[in-house]
Amino acid sequence: MEKLQAVRGMHDTLPGETPKWQLLEDALQVVLHSYCYREIRLPIIEKTELFARSIGAGTDIVNKEMYTFQDRNDELLTLRPEGTAGCVRALLQHGLIYAGPQRVWYQGPMFRHERPQQGRQRQFYQVGAEAFGMEGAEIDAELILVCARIWGALGIEGITLQLNSLGSHRARHSYRKLLVDYLSAHRGELDEDSIRRLETNPLRILDSKNPALQGLIDGAPSLLDSIDAESAEHFAALQDLLDANGVEYKINPRLVRGLDYYNRTVFEWTTDKLGAQGAICAGGRYDDLVTQIGGRATPAAGFAMGLERILALLECSGAEAVAGAPRFYQVMVGADAVNSGFRLAERLRDDIPGLPLLLHCGGGGFKSQFKKADKSGAEYALILGADEVASNTVLIKPLRTDAEQYKVTQEQLAAEIKRLL
RNA sequence: GUGAGUGUAGCUCAGUCAGGUAGAGCGCCGGAUUGUGGUUCCGGUGGUCGUGGGUUCGAACCCCAUCACUCACCCCA
């Protein structure tokens, strides 16, 4: 029979790895809550049309990377490839978009059918924050400061903030023409990918890694030269706020995002420690998305970060999370000991909620049970054998020090454990 | 989607070049006078060599296909 394995690009997070995930998630929550972002929980499946309309019908994500399928009633559905579209849809559907400024955050799995490699899997986890109803550059700055504080909380260093402004959609559209004209004039110098993108997403050609193209790209008209006056002002205001708060950034006129809904501010936090997948967090402003999804024009901005990449970065910098070991391991030898041991343990759990107490299951003598107690990482063994059952006592043996084991009555045990905790 | 590399015991790997029906370390289980772990010593358990075909008297090894992982392109968080 064929061995069953996980679907390609879908990873299991094993018990040994979950503590570091929990540590990361907790740290993110603390920072987000300190800026008063509130959690929103969203469906993993949405109608396909939502993504086609928001991310953009011409983007790679929508064209070749979505997990799309037909429901039993022939509805076209998609496993979400990102979180923003569903978030906007939910706030719109429930009328929160118009209920004054909103700050929300979400976390969970996203799905993209890409070839897996380092820092890129088909099911991956993002934490994102979105803010609605705020027009000025202040919210752009706040989002970036949230990110910066997250890096600080996690002890992540050596990453770069890249910043750009795409201008208004209109300005971006006319720039697109300008760029296509320029590149078409040099069509012969373009590589295969770039020629394809000339039709689909010409701005991304600016992002090309092909060294042969760098000269051509350097000579291209600059996006920043052609953005509208209001956007330029907005961008300047953002830079002032970042400067005033000591956030370092690099203006990168070639930074364009792969999702169509962005306008004005776009940013990306990148590292050079993770190979080809250098972006750990990215976002920007998307003032026209709410309209595209069918609502009234509402200014909006947000970011999303890739948790696998952040974890990989934390491992690079040598951080280690501690796995959850029991504090107490209860050794029980003989049927009578098991019997009264279970009842004793249940009483302890009543008295001390959350007590990390591991009961030995599966029999065996004292020797083998102690081996397992040691291996479990527990600090103390609680020992129950025939003698203890007969005398209504328990032996407590410290496993991590040379201290002698000692005897307490079963009535005293809860108090003694509280003392040891 | 394109290209390259890898796949042998629960884990890390040797064996592949020059085909002769599988090895090490760690782990796991047990023992060292039977109610005490962590060190040491002794013994044991362990793999249809990713999967399916082919070549051959004979394949972990050569060939083809396929799946998965890794890396790069691409894409993006």
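To find a chain, count down the sequence lines: A is the first, B the second, and so on, and within it residues start at 1. The basis for the numbers below is simple: all heavy atoms, side chains too, and nothing from hydrogens, waters or symmetry mates.
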Nucleotide of B/G35, B/G37, B/G30 approaching A/Phe370 most closely (side-chain heavy atoms):
B/G37
In terms of the nearest nucleotide of RNA chain B, which residue is placed more toward the 5' end: A/Gly385 or A/Ile280?
A/Gly385
Rounded to whole Å, the CG-P distance (A/Leu28 to B/A77) equals 17 Å
In whole Å, measure the gap between the C1' atoms of B/A9 and B/G52 for me.
23 Å
Contact class for A/Leu307 (heavy atom, under 4.0 Å): base, sugar-phosphate, or nothing?
nothing
If we ignore angles and hydrogens, is there a donor and acceptor under 3.5 Å between the side chains of A/Asn263 and A/His169?
no
Options B/A77, B/G37, B/A68, nucleotide nearest the side-chain atoms of A/Arg8
B/A68
For B/A4, what is the paired nucleotide under Watson-Crick or G-U wobble rules, both distances under 3.5 Å?
B/U70
With C1' as the reference atom in both, quote the distance from B/U6 to B/U66 in angstrom, rounded to an integer.
16 Å
Do A/Tyr37 and A/Glu142 meet the criterion of a side-chain donor-acceptor pair at a distance under 3.5 Å?
yes
Write down the distance separating the C1' atoms in B/G7 and B/G47, rounded off to the nearest Å.
14 Å
Between A/Lys64 and A/Ala386, which has a closest nucleotide on RNA chain B that is more 5'?
A/Ala386
Out of B/C67, B/C75, B/A72, whichever nucleotide has its closest atom nearest the side chain of A/Gln277
B/C75
Does A/Gln118 place a side-chain N or O at less than 4.0 Å from the phosphate oxygens OP1/OP2 of B/C71?
yes
With the side chain defined as heavy atoms from C-beta on, A/Lys371 is closest, among B/A77, B/C74, B/G38, to B/G38
Would you mind reading off the distance between A/Leu399 atom CG and B/U39 atom P, rounded to a whole angstrom?
13 Å
Given that both distances must come in under 3.5 Å, which nucleotide forms a Watson-Crick or G-U wobble pair with B/A14?
none
So which nucleotide from B/A77, B/A72, B/G37 ends up closest to the side chain of A/Ala276?
B/A72
Run the side chain to side chain contact (heavy atoms under 4.5 Å, CB included) test on A/Leu145 and A/Val247 for me, step by step, so that the C-alpha distance in whole Å, both residues' side-chain angles and the decisive distance to 0.1 Å come before the verdict.
CA-CA 8 Å; A/Leu145 286 171; A/Val247 178; 3.5 Å; yes
Centres of the A/Tyr125 and A/Trp21 rings: under 6.0 Å?
yes
Which value, in whole Å, describes the distance between the C1' atoms of nucleotides B/U56 and B/G10?
35 Å
B/G38 -> Watson-Crick or G-U wobble partner, both distances under 3.5 Å, gives none
Check whether the side chain of A/Lys397 and the base of B/U36 form a donor-acceptor pair under 3.5 Å.
yes
So, are A/Arg112 and A/Asp60 salt-bridged, with charged N and O less than 4.0 Å apart?
no
Is any side-chain nitrogen or oxygen of A/Lys367 closer than 4.0 Å to OP1 or OP2 of B/G37?
yes
So does A/Gln117 get a side-chain nitrogen or oxygen closer than 4.0 Å to the phosphate oxygens (OP1/OP2) of B/A72?
yes
Do A/Phe366 and the base of B/G35 stack face to face, with centres under 5.5 Å apart and an angle between planes under 30°?
yes
Atom CD1 of A/Ile150 and atom P of B/A77 are separated, to the nearest Å, by 16 Å
Whole angstroms only, please: what is the CD-C1' distance between A/Glu130 and B/A77?
13 Å
Any N or O donor-acceptor pair under 3.5 Å from the base of B/G38 to the side chain of A/Asp374?
no
Counting distance alone, no hydrogens or angles: does the base of B/G35 have a donor or acceptor under 3.5 Å from a partner atom on the side chain of A/Gln405?
no
Provide the distance between the two P atoms, one in B/G30 and one in B/C67, to the nearest whole Å.
43 Å
Flag the pair A/Tyr182 / A/His186 as yes when their ring centroid distance falls below 6.0 Å, and as no otherwise.
yes
So, OP1 or OP2 of B/C75: does either fall under 4.0 Å of a side-chain N or O from A/Arg120?
no
Picking from B/C74, B/G30, B/A77, the nucleotide nearest the side-chain atoms of A/Arg309 would be B/A77
Look at the side-chain N and O atoms of A/Arg197 and state whether any lies under 4.0 Å from the OP1 or OP2 oxygen of B/C75.
yes
Distance check: side-chain N/O of A/Lys372 vs OP1/OP2 of B/C29, anything under 4.0 Å?
yes
Quote, to the nearest angstrom, the P distance that separates B/A24 from B/A68.
33 Å
The test is side-chain hydrogen bond (donor to acceptor under 3.5 Å, both in side chains); show your working for A/Gln410 and A/Thr393 and say whether it passes.
CA-CA 5 Å; A/Gln410 295 193 5; A/Thr393 56; over 6 Å; no
Distance between the P atoms of B/G50 and B/G15, in whole angstroms?
15 Å
Expressed in angstrom and rounded to an integer, what is the separation of A/Leu255 atom CG from B/A77 atom P?
10 Å
Pair assignment for B/C61, Watson-Crick or G-U wobble, requiring both distances under 3.5 Å
none
Row check, A/Phe370 ring normal vs A/Lys397 NZ/CZ: under 6.0 Å, within 45°
yes
OP1, OP2 of B/C76 versus side-chain N and O of A/Arg204: anything below 4.0 Å?
yes
Taking atom P in both B/U51 and B/A22, what distance in whole Å separates the two?
15 Å
d(CZ, A/Arg80; P, B/C76) in whole Å:
19 Å
